[in-house]
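Below is one structure, written out as structure tokens; comments come after it.
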Amino acid sequence: MPKLSASLNAFEIDQLQQIALVWGLDAAEEDKTSLVLSLELQIPDPRRFASVFGQLPEPARQALFALRESNGMLAWSTFAQRFGEIRALGKTLRKKEQPWAFPASTSETLWYHGMLGRDFLRVNGELQEMAYLPDELIPLLPAPPEQPTAKVLEPVSIETYESFDVFPTSSTILDEVCLLLAALRFENPEKYLAKTTFSTDRWEFLEKFLTATSVLDQEKQPTDLARKFLELPRVQALIWLGKQWLKSDTFAEITCLPGLQIESSNPIRSQSARQIIFTALHDLEEGRWYALDEFVELVRATVPDFLRQQEEYFSWHVVKEGSVSEILSGYESWQEVEGALITFIVLRMLPWLGLTDIARQKGGESRQFFRLKGIFFNLENPRRVAAEENENEPISLTSAGKIVMTNRSPRMVRYQISRFVEWLEVSPSQGSYQITPTSLTRAEKQGLLAKHLINLLRKNADGGLPPILYEAIKRWETEGTQASVQTQTILRLGSPQLLQALRESPAAHWLGESLGPTAVIIKPAGEKAVWQALSSLGYLADFGESEQ
């Protein structure tokens, strides 16, 4: 550990003079070199040190004990989080603020007592900014008083609040994943996802999450793990997904925090930050409610540097979005960055993964609470018994080829069948689909044969595969499309001569198949051109409900 001479030489002469006064020395006439030497000799005197130490405020004594317990030094960022920063004051400001008499933090108290060193030291082969105890002071510290037991988080009874809302979570994420995996197998997945209750932000976030957990590859296609995942029983699938999330080193929750833009020149330690939060949660009790704000403060008191460390509090570019953007920097931004990350994990990620329930107090304070479910503890203890959810409900199938599947039909069956059909109205809890020649043709181009669909329907439809539907599918297989229902714009005219006149006009390009001597199909987007041609020929025309 550096000696007193190293820490004292970091001070200006006016600061050394104030430190000398604290230690009962008259140093008004001495130069800096003499003053450093004098303090270096007098501060380690056991009787003098014991006297000054005894007059320190209790938080300052605890800070010195904390340094000694950590082999004499702590990362400056950690020390400053616990005991406060030291203000960077020039000589004029020091004279005005008098930080030796009016310290703004415990760190400043120790700094202007000459008991605290701050420098870049080599730790594990790397230079790191450290808070340290000068070497001569370590043996002079008395034995610390008996320490209280480690800080723990106490459960709360939300029933004591006048009104609150509870939001129990479920395993819906499994059904969302099933839908997304199926949609991504189509050439235009956006078309199919638009028919679901997904928001665009939701499925983009899920897509990013599944890529980071190896369910999707870099081309956004299901991997071999996706099939295994779909075949797992529901609770086991949740546990597996939670484990994949915990160990993912590519998923960065910090980039998902609402209202914050964060950039770092170095890799962000998302996985280790996530694991530290998970470990802190793992010490809590199953099924008990805890206040989120109290948990955030517990993390701040015990592992404040779980995300940013040392100079990262200043080197990260953090912008808080709003009507006026605000740049966040330094240890004072902890609540808005680290606190926001804890909140996101506890209130967004864990409920989404089916691991916690949440509750919110109504009214002005709007405190938020969380309750860990039993499945949360299964992530690290696979021997715990978890009640399984049934997923064996047959699908509903009509002879007209309409299919209804719920979230209690096997996910693998839903995934496979949904690739053969047109999507009608789809949500994670239930979806309706229709077998059509177009959907069968599209599936066939992907190597999905009609016989595969027949087998799926026979095995999983309630009542089996209706004979008439079986015949329809087999007929399509051998003969192709037998009937087509289309919506067309039809123009009806007063005479065959008018139709001929239109055929000879510039609008002829927009005229399609004739349906008789006075009726013709107008091609898509051709209504305006035909209407203008009729007007130039001296005819008025009605176009249904059109405003043209």
Side-chain angles (χ1 to χ4, degrees), residues 171-232 234 236-258 260-275 277-278 307 316-317 341 344-345 348-350 352-355 379 411-420 423 426 428 431 442-448 452:
S171 54
T172 301
I173 185 175
L174 302 180
D175 308 301
E176 294 177 342
V177 171
C178 182
L179 285 176
L180 181 59
L181 292 178
L184 290 173
R185 298 308 301 270
F186 296 112
E187 288 185 1
N188 48 346
E190 296 83 2
K191 170 186 173 183
Y192 294 87
L193 290 168
K195 298 180 181 181
T196 72
T197 53
F198 273 103
S199 67
T200 301
D201 290 343
R202 180 71 162 182
W203 64 259
E204 285 180 350
F205 177 78
L206 182 55
E207 199 173 80
K208 181 191 302 184
F209 177 81
L210 294 178
T211 302
T213 52
S214 302
V215 178
L216 292 176
D217 61 22
Q218 294 304 313
E219 283 70 44
K220 300 180 182 178
Q221 289 300 300
T223 64
D224 291 340
L225 284 177
R227 182 179 185 88
K228 296 176 182 178
F229 169 71
L230 290 171
E231 290 174 340
L232 283 173
R234 289 187 76 86
Q236 293 304 312
L238 277 180
I239 294 172
W240 181 87
L241 201 58
K243 288 181 176 179
Q244 290 292 105
W245 167 63
L246 275 180
K247 68 182 184 182
S248 172
D249 56 6
T250 58
F251 185 70
E253 292 88 349
I254 198 75
T255 63
C256 304
L257 302 184
L260 286 183
Q261 289 186 355
I262 299 176
E263 296 178 4
S264 170
S265 57
N266 296 318
I268 296 175
R269 295 175 293 276
S270 298
Q271 194 279 329
S272 62
R274 184 187 314 127
Q275 185 64 53
I277 299 305
F278 176 83
L307 179 63
W316 282 24
H317 183 68
L341 176 60
F344 181 81
I345 288 175
R348 295 280 298 276
M349 292 302 302
L350 294 180
W352 186 50
L353 289 165
L355 303 175
L379 298 188
R411 279 167 292 125
M412 178 54 80
V413 172
R414 283 182 269 157
Y415 167 77
Q416 292 174 323
I417 290 178
S418 61
R419 297 180 61 197
F420 283 96
W423 295 21
V426 182
R442 183 178 56 240
E444 187 177 49
K445 290 179 180 178
Q446 291 189 326
L448 303 175
H452 298 149

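- Other residues, nucleotides and ligands contribute more than 12 heavy atoms inside 6.0 Å of the CZ atom of R442.
- Between the side chain of R274 and the backbone N or O of S248, at least one donor-acceptor pair lies under 3.5 Å.
- Remark: the R185 side chain and the Y415 side chain contain an N/O donor-acceptor pair separated by less than 3.5 Å.
- At least one side-chain heavy atom of E253 sits under 4.5 Å from a side-chain heavy atom of S270.
- At a threshold of 4.5 Å between non-hydrogen side-chain atoms, the residues H317 and Q261 do not count as touching.
- At least one side-chain heavy atom of K208 sits under 4.5 Å from a side-chain heavy atom of C256.
- Side chain of R234 to main chain of S171: a donor-acceptor pair is present (N/O by atom type, distance under 3.5 Å, no hydrogens or angles).
- For the residue pair S264/W316, the side-chain donor-acceptor check at 3.5 Å is satisfied.
- Residue D224 places its CG atom among 12 or fewer non-hydrogen atoms of other residues, nucleotides or ligands, all under 6.0 Å distant.
- Taking each heavy atom of F186 and S418 in turn, the nearest pair found is CZ-O, 3.5 Å.
- The CG atom of L216 lies 6.0 Å from the CG atom of L181; values are rounded to the nearest 0.5 Å.
- A donor-acceptor contact shorter than 3.5 Å is absent between the side chain of Q271 and the backbone of D249.
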Could you give me the CA-CA distance, side-chain angles and deciding distance for F209 and L241, then say whether side-chain contact (heavy atoms from CB on, under 4.5 Å) is met? CA-CA 10 Å; F209 177 81; L241 201 58; 3.9 Å; yes
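- No side-chain heavy atom of I254 sits less than 4.5 Å from a side-chain heavy atom of L260.
- Between T172 atom OG1 and L353 atom CG the span is 12.0 Å, to the nearest 0.5 Å.
- Note on ring orientation: taking the six-membered ring where Trp is involved, the planes of F229 and W240 are tilted (angle from 30° to 60°).
- Counting heavy atoms from C-beta outward, L355 and L379 have side chains that approach closer than 4.5 Å.
- One finds the CG atom of D201 at 12.5 Å from the CG atom of L206 (value rounded to the nearest 0.5 Å).
- L193 CG to S199 OG: the interatomic distance, rounded to the nearest 0.5 Å, is 10.5 Å.
- Contact annotation: the side chain of I268 approaches that of L307 to within less than 4.5 Å [non-hydrogen atoms, C-beta and beyond].
- Side-chain contact between T196 and W203 is absent, with no heavy-atom pair separated by less than 4.5 Å.
- The distance from the CH2 atom of W245 to the CE atom of M349 is 5.5 Å, given to the nearest 0.5 Å.
- Ring geometry, W352 versus F205: the interplanar angle falls from 30° to 60°, so the pair is classed tilted.
- For the atom pair L180 CG and D175 CG, the distance stands at 12.5 Å (nearest 0.5 Å).
- Listed for the T213 side chain is no donor-acceptor partner under 3.5 Å among the backbone atoms of Q244.
- A distance-only check finds a donor-acceptor pair linking the side chain of R411 to the backbone of L232 [under 3.5 Å].
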